[in-house]
Enquirer: 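Please read through the structure below; I'll follow up with questions.
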Amino acid sequence: MHFYILTLFPEMIESGLNTSIIGRAVQNGHLSITAVNIRDYTLDRHKKVDDYPYGGGAGMVMQAQPVYDAWESVIKQVGYRPRTVYLTPQAEVFRQKMAKEFACEQNLIFLCGHYEGIDERVLEEIVTDYVSIGDYVLTGGELPAMVMADAIARMVPGVLTNEQSGSTESLEGNLLEYPQYSRPREWNGKAVPDILLSGDHAKVDAWRREQSILRTMQRRPDLMAEAELTIKEREKYL
Ligand code: 6GU
């Protein structure tokens, strides 16, 4: 899978996504991540990429030309118009289900805005998906693009080892993960729940399932409406 990230701050992307699991997946060739510097495409003599908003108001607006030309350079490379995601708080909120869907694409383009936004006319031409990562305002789209790229990349076959991929499924049934414990058996006067030491895998699974449900009810009651529960679980917990 190939990610192209259109940004005024390519160093931010390069330093953020070249480490840990995603960095290793890039080294192994499971992924490529290309940060495209929008400023490289401006036709302005002074390398300017923004201007005042028509109608007045605070801040600056990123101009259409350099954004369009940066995007066009990518579509010429890949030979078609890949889905192009504009990161903005004025949009639907990103969820695991969307990550799974985007992970089916061969190429994805992320467009990161700064200042007060991007000229609407270029967005109309190139953007296929408007996505927010939550109901708060950030200074630019780079962190959201990295969040999305990480969540999507880990769904791509080969990026996670078998061992790492187990924890993928939890949010897909709209339930939170159960608590985890490791050695020592007692720490700070607290023991690991006995059932986890019993060696009875069926009981362990049942306990973890219950912990997932209880934790979701307590911490994210909003998820319960869409949680994938059995009829028996519904009777017991709802
Ligand atoms: Cl995608 N962009 C910005 N600037 N702020 C955000 C966001 C995106 N998602 C939540 N806050």
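Heavy atoms only: backbone and side chains are in, while hydrogens, waters and symmetry mates are out. Whatever order the structure lists them in is the order used to number ligands and atoms, beginning at 1.
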Enquirer: Among protein heavy atoms, which lies nearest atom 1 (Cl) of ligand 1, and at what distance?
Expert: T88 N, 3.1 Å
Enquirer: Of all heavy-atom pairs between H114 and M62, which one has the smallest distance, and what is that distance?
Expert: N-SD, 3.3 Å
Enquirer: List the closest protein heavy-atom neighbour of atom 3 (C) of ligand 1: residue, atom name, distance to the nearest 0.1 Å.
Expert: P89 CD, 3.4 Å
Enquirer: Quick check: P144 and ligand 1, any N/O pair under 3.5 Å apart?
Expert: no
Enquirer: Hey, what do you get for CD (E72) to CZ (R81), rounding to the nearest 0.5 Å?
Expert: 9.5 Å
Enquirer: Identify the closest protein heavy atom to atom 4 (N) of ligand 1: which residue and atom is it, and at what distance?
Expert: L138 O, 3.2 Å
Enquirer: For ligand 1, which atoms have a heavy atom of G134 less than 4.0 angstrom away?
Expert: 9 (N), 10 (C), 11 (N)
Enquirer: Decide whether an N or O pair under 3.5 Å exists between T139 and ligand 1.
Expert: no
Enquirer: When you group the ILVMFWY residues by side-chain heavy-atom contacts below 4.5 Å and let the links chain together, are Y80 and V36 in the same group?
Expert: yes
Enquirer: Considering only the protein, which heavy-atom contact is closest to atom 6 (C) of ligand 1, and what is its distance?
Expert: Y136 O, 3.5 Å
Enquirer: With rounding to the nearest 0.5 angstrom, report the CG to CG distance, D40 to L6.
Expert: 11.5 Å
Enquirer: I need the D205 CG to D200 CG distance, nearest 0.5 Å.
Expert: 9.0 Å
Enquirer: Note the single closest protein heavy atom to atom 9 (N) of ligand 1, along with its residue, its atom name and the distance in Å.
Expert: I133 N, 3.0 Å
Enquirer: Among E228, E233, E177, exactly one meets salt bridge (Lys or Arg N to Asp or Glu O under 4.0 Å) together with R209. Which residue is that?
Expert: E233
Enquirer: Considering only heavy atoms, does V131 approach ligand 1 within less than 4.0 Å through its side chain, its backbone, both, or neither?
Expert: backbone
Enquirer: Are M146 and F110 side-chain neighbours, meaning at least one heavy-atom pair lies under 4.5 Å?
Expert: no
